[in-house]
Trainee: 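The structure that follows is given in the form of structure tokens.
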Protein chains: 2
Amino acid sequence: MKRLGKIIRGHRKKAGLTQKELADLSGVGKTVIFDIEKGKETVQLNSLMNVLKTLNIKLKVESRLMDGEEVINEES
Amino acid sequence: MKRLGKIIRGHRKKAGLTQKELADLSGVGKTVIFDIEKGKETVQLNSLMNVLKTLNIKLKVESRLMDGEEVINEES
DNA sequence: AAAATATTACCGTTATAACAGCAAAATGAA
DNA sequence: TTCATTTTGCTGTTATAACGGTAATATTTT
């Protein structure tokens, strides 16, 4: 799970955003961005989804029971 | 996000587990399973990860900035 | 059908994440 | 280096998810 934090941080940097800016854009507090990037798992799924959406990152699930994979953070 | 709930429910059924059993195996309360399957987004990432792990479901992220995709709920 | 099991729903209580504010490091620019 | 910005860390307060218990439906089994 530190992986996700690094990915998010990388995307934020590339977008030229500060933690505070990303927080505001995502509708969460700055602490949440800080925590996520630090690898904290005790954040709300809600908050994470908003951040991922802001950064245009897709979230998918995959298992042997499924054929292929499925995006879970898109409309509809 | 209702999608994730359905996927989890499907996997649980296929595994022959009740909500309570899945909850116990995942170390969360029964309410959490119920909420996740109902599509509630205000659950902790922590809880969701435990459930996904129990059901052997991989969680991945993908974006244009990355090459390919990356599994985020595995060891190391 | 009835009986048993499972799911959904609601309710206090408790635990804890979210938050803003501030200060201290760290980083980067001039 | 100095100055400005950003990040990290901490600290109360507030908001709310997690939890177990219980009850009402719904589903499955016999």
Side-chain angles (χ1 to χ4, degrees), chain A residues 1-61 63 65-66 70 72-76, chain B residues 1-61 63 65-66 70 72-76:
Chain A
M1 271 304 304
K2 289 201 64 176
R3 212 171 301 190
L4 181 59
K6 289 185 178 178
I7 291 170
I8 288 181
R9 159 171 294 234
H11 280 70
R12 174 175 64 80
K13 293 279 194 186
K14 221 146 201 171
L17 297 171
T18 67
Q19 290 184 337
K20 178 81 171 66
E21 287 170 336
L22 177 55
D24 291 342
L25 286 173
S26 306
V28 301
K30 67 175 173 53
T31 317
V32 171
I33 304 297
F34 174 64
D35 287 344
I36 291 177
E37 291 189 357
K38 210 176 58 181
K40 194 180 182 190
E41 287 195 12
T42 51
V43 293
Q44 303 225 357
L45 182 57
N46 207 353
S47 305
L48 176 62
M49 301 294 262
N50 290 342
V51 174
L52 291 179
K53 190 172 187 177
T54 302
L55 294 174
N56 264 293
I57 301 175
K58 281 184 191 168
L59 195 59
K60 299 177 168 186
V61 289
S63 84
L65 291 182
M66 304 166 49
E70 205 161 336
I72 61 174
N73 64 338
E74 270 181 352
E75 332 293 340
S76 123
Chain B
M1 271 304 304
K2 288 201 66 176
R3 212 170 300 190
L4 181 59
K6 289 186 179 178
I7 291 170
I8 288 181
R9 159 170 294 230
H11 279 70
R12 174 175 64 81
K13 293 278 194 188
K14 221 147 202 169
L17 297 172
T18 67
Q19 291 183 337
K20 178 81 170 66
E21 287 170 335
L22 177 56
D24 291 341
L25 285 173
S26 306
V28 301
K30 67 178 171 53
T31 317
V32 171
I33 304 297
F34 173 64
D35 287 343
I36 291 177
E37 291 189 357
K38 208 177 57 181
K40 194 181 183 190
E41 287 196 10
T42 51
V43 293
Q44 304 230 352
L45 182 57
N46 208 352
S47 305
L48 176 62
M49 302 293 262
N50 290 343
V51 174
L52 291 179
K53 190 172 187 177
T54 303
L55 294 175
N56 264 296
I57 301 176
K58 282 185 191 169
L59 196 58
K60 299 178 170 186
V61 289
S63 83
L65 291 182
M66 304 165 49
E70 204 160 337
I72 61 175
N73 64 338
E74 271 181 350
E75 332 291 339
S76 122

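Just so it is clear: chains get the letters A, B, ... in the order the sequence lines come, proteins before strands, and each one is counted from 1.
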Trainee: So, does B:Asn73 use its side chain to make a donor-acceptor pair with the main chain of B:Ile57 at under 3.5 Å?
Mentor: yes
Trainee: Got a sec? Which of residues 7-15 of chain A come in under 4.0 Å of DNA chain D, heavy atoms?
Mentor: A:Arg9, A:Arg12, A:Lys13
Trainee: Could you check how far CG of A:Asn46 sits from C1' of D:dA18, rounded to whole Å?
Mentor: 16 Å
Trainee: Would you say the side-chain atoms of A:Ser63 pair up with the backbone N or O of A:Leu65, donor to acceptor, closer than 3.5 Å?
Mentor: yes
Trainee: When you measure from the side chain of A:Glu37, which nucleotide among C:dC19, C:dA17, D:dT8 comes out closest?
Mentor: D:dT8
Trainee: Nearest whole Å is fine: how far is C:dT8 P from B:Asp35 CG?
Mentor: 11 Å
Trainee: Return the value, rounded to whole Å, for the distance between atom CD1 of B:Ile36 and atom C1' of C:dA9.
Mentor: 17 Å
Trainee: Can a side chain N or O of B:Ser47 be found less than 4.0 Å away from OP1 or OP2 on D:dA18?
Mentor: yes
Trainee: Relative to the 5' end of DNA chain D, which residue comes earlier, A:Lys30 or A:Thr18, by the nucleotide with the nearest heavy atom?
Mentor: A:Thr18
Trainee: Over all heavy atoms of both residues, which pair between B:Val51 and B:Ser26 is shortest? Give the atoms and the distance, please.
Mentor: CA-OG, 3.6 Å
Trainee: Separation of B:Leu45 atom CG from D:dT16 atom P, in whole Å?
Mentor: 19 Å
Trainee: Under 3.5 Å, is there a donor-acceptor pair linking the side chains of B:Gln19 and B:Glu37?
Mentor: yes
Trainee: What are the two closest heavy atoms between B:Ile72 and A:Leu59, and how far apart are they?
Mentor: CD1-CD1, 4.3 Å
Trainee: Rounded to the nearest angstrom, tell me the gap between atom NZ in B:Lys20 and atom C1' in D:dG21.
Mentor: 12 Å
Trainee: Tell me whether the side-chain N/O atoms of B:Thr42 come closer than 4.0 Å to OP1 or OP2 in D:dA17.
Mentor: yes
Trainee: Examine D:dT8: is either OP1 or OP2 under 4.0 Å from a nitrogen or oxygen in the side chain of A:Gln19? Give yes or no.
Mentor: yes
Trainee: Measure the CG-OG1 distance between B:Leu17 and B:Thr54 for me, rounded to the nearest 0.5 Å.
Mentor: 8.5 Å
Trainee: Given atom CD1 of B:Ile33 and atom C1' of D:dC19, what is their separation to the nearest angstrom?
Mentor: 13 Å
Trainee: Side chain of B:Phe34: nearest nucleotide among C:dT8, D:dG20, C:dC19?
Mentor: C:dT8
Trainee: Side-chain contact, heavy-atom cut-off 4.5 Å: B:Met66 with A:His11?
Mentor: yes
Trainee: Calculate the interatomic distance between B:Asp24 atom CG and C:dA6 atom P; express it in whole Å.
Mentor: 13 Å
Trainee: Rounding to an integer number of Å, can you tell me how far A:Leu17 CG sits from D:dT5 C1'?
Mentor: 15 Å
Trainee: Where the side chain of A:Gln44 is defined as all heavy atoms beyond and including C-beta, which of D:dT8, C:dA20, C:dA17 is the nearest nucleotide?
Mentor: C:dA17
